[in-house]
Asks: 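Below is a structure I'd like to ask you about.
Naming convention: chains lettered A, B, ... in sequence-line order (proteins, then strands); numbering from 1 in each chain.
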2 protein chains.
Amino acid sequence: MSSKEKILSAAIVLFAQKGYSGLSMRQLALAVDLSVAAIYHHFPDKNTLYLEAVRFAFSDKEQVFDQVWGSDCSAEEKLSRFIRSFIDVMLEDHDFHRLMQREILEADPERMQLLAQGVFTSQFCLLMQLATELAPEQDAHLLATSVIGLAKYYIEYQPLLKYFPGWKPEHEMPEVIAAHITTLLLNSFKATTA
Amino acid sequence: MSSKEKILSAAIVLFAQKGYSGLSMRQLALAVDLSVAAIYHHFPDKNTLYLEAVRFAFSDKEQVFDQVWGSDCSAEEKLSRFIRSFIDVMLEDHDFHRLMQREILEADPERMQLLAQGVFTSQFCLLMQLATELAPEQDAHLLATSVIGLAKYYIEYQPLLKYFPGWKPEHEMPEVIAAHITTLLLNSFKATTA
DNA sequence: ATGACCTTACTGAACGTTTGTTAGGTATCT
DNA sequence: AGATACCTAACAAACGTTCAGTAAGGTCAT
């Protein structure tokens, strides 16, 4: 792995942990065992380093779900598998998830557009297509958003949810969350088509 | 309004915008038209100022939904009203919402516990109770989470969602979002009890 | 009523540290 | 010789924090 890549992947982790202004160039330099000036040899300034780190983190997240869409099973089964894969990815790659949360918080319009069109569009379209298949007379965009929203919320708010009454350890298990969301959605679709 | 309150309410807005390390004491002092030392007269240091600001922001959010729970209508209608109120509050008090997002990102266990038990527990319990009423054989905690998760996601991810294909301006209207979520959930409940 | 005294709310200036960034120099490899 | 990858050392600016001082307001004995 080249120094530049080492810097980028360390930056992803640290920016995700501490945020843009929370991470100093010296801390990053220390983490990759280089001098500060060495970082400035590879990147013109902190801001473009951050942008490149974000782009780097998002670069290989596109084709994770190919096995889901490729499999030839029922639409219901596809939804179930997508939800499960989505939760797994988000739980696995925690840094990616937190970096994304920070980007959403920042909500810079230009970067939002880049993120949407450059990274997630194809997945979102496939999900909308699946939604249309399952509930033809409903708004596909709203439905696709609901699917992702349900899954994302369970993961993002885990640290808070565990302090609410009625919480059980199983509420943090991917298969339990996935099963709950899937049945919730499929039940809803069943009612609308009936 | 006292100087202390003026500092706190300005801090809420600015911490929500820039994050903890993104806001300097000098910037805050400038915003409230006081000297930096004046702030230190009211608060021992930046960290406790932040904590007090968070507590201040969350302090009067408890009894917003009293009219929802107080009204004597069907459980379905109550769910519909709660979702609508929840979305309205989150859209209205944007600073509160962003500050909460930042707190979740930080995910400090002690503060999560404080937030959960001190601020949101009663609302969450009422929502769980409603969920049990609507779908007795399902996990109330998971259901309550789903309700909030659906609503929150639509608001948090608005800046991103608008760049996906199939987006329409109406997807940002509170009544449209609320209606979609409500029917989605009620349909699901209908299927499970049938 | 007045001067002494304490508290409260603030100010300007400074403390030492950390920040992003750069200049100049040194190896290593083509 | 020139490009590449790195270093140490320094820069000004901004950072959180503190200190000494001041002006205003209330309290209280005289």
Asks: Check the orientation of Phe58(B) and Phe96(B). Use parallel for under 30°, tilted for 30 to 60°, and perpendicular for over 60°.
Replies: perpendicular
Asks: Calculate the interatomic distance between Phe43(A) atom CZ and dA5(D) atom P; express it in whole Å.
Replies: 12 Å
Asks: Return the orientation label for the Phe15(B) and Tyr20(B) ring planes: parallel under 30°, perpendicular over 60°, tilted otherwise.
Replies: parallel
Asks: I need the CD-C1' distance between Glu5(B) and dA9(C), as an integer number of Å.
Replies: 15 Å
Asks: Output the rounded distance in Å from CD1 (Ile39(B)) to P (dC15(D)).
Replies: 12 Å
Asks: Salt bridge between Glu106(B) and Arg102(B), side-chain N to carboxylate O under 4.0 Å?
Replies: no
Asks: How are the rings of Tyr154(A) and His180(A) set to each other: parallel, tilted or perpendicular (split at 30° and 60°)?
Replies: perpendicular
Asks: For His41(A) and dT26(C), what is the distance between atoms NE2 and C1' respectively, to the nearest whole Å?
Replies: 13 Å
Asks: Reading nucleotides 14-25 of chain C from the 5' end, what letters show protein touch, with B for base, S for backbone sugar-phosphate only, - for no heavy atom under 4.0 Å?
Replies: B----BBBBB--
Asks: Calculate the interatomic distance between Leu30(A) atom CG and dT8(D) atom P; express it in whole Å.
Replies: 12 Å
Asks: Respond yes when some side-chain nitrogen or oxygen of His42(B) is under 4.0 Å from OP1 or OP2 of dT8(C), and no when none is.
Replies: no
Asks: Using whole Å, report how far CD1 of Ile7(B) lies from C1' of dT8(C).
Replies: 14 Å
Asks: So Trp167(A) and His171(A), would you call those rings parallel, tilted or perpendicular, with 30° and 60° as cut-offs?
Replies: perpendicular
Asks: What integer distance in Å separates Lys4(B):NZ from dA9(C):P?
Replies: 9 Å
Asks: Under 6.0 Å between the ring centres of Phe124(B) and Phe120(B)?
Replies: no
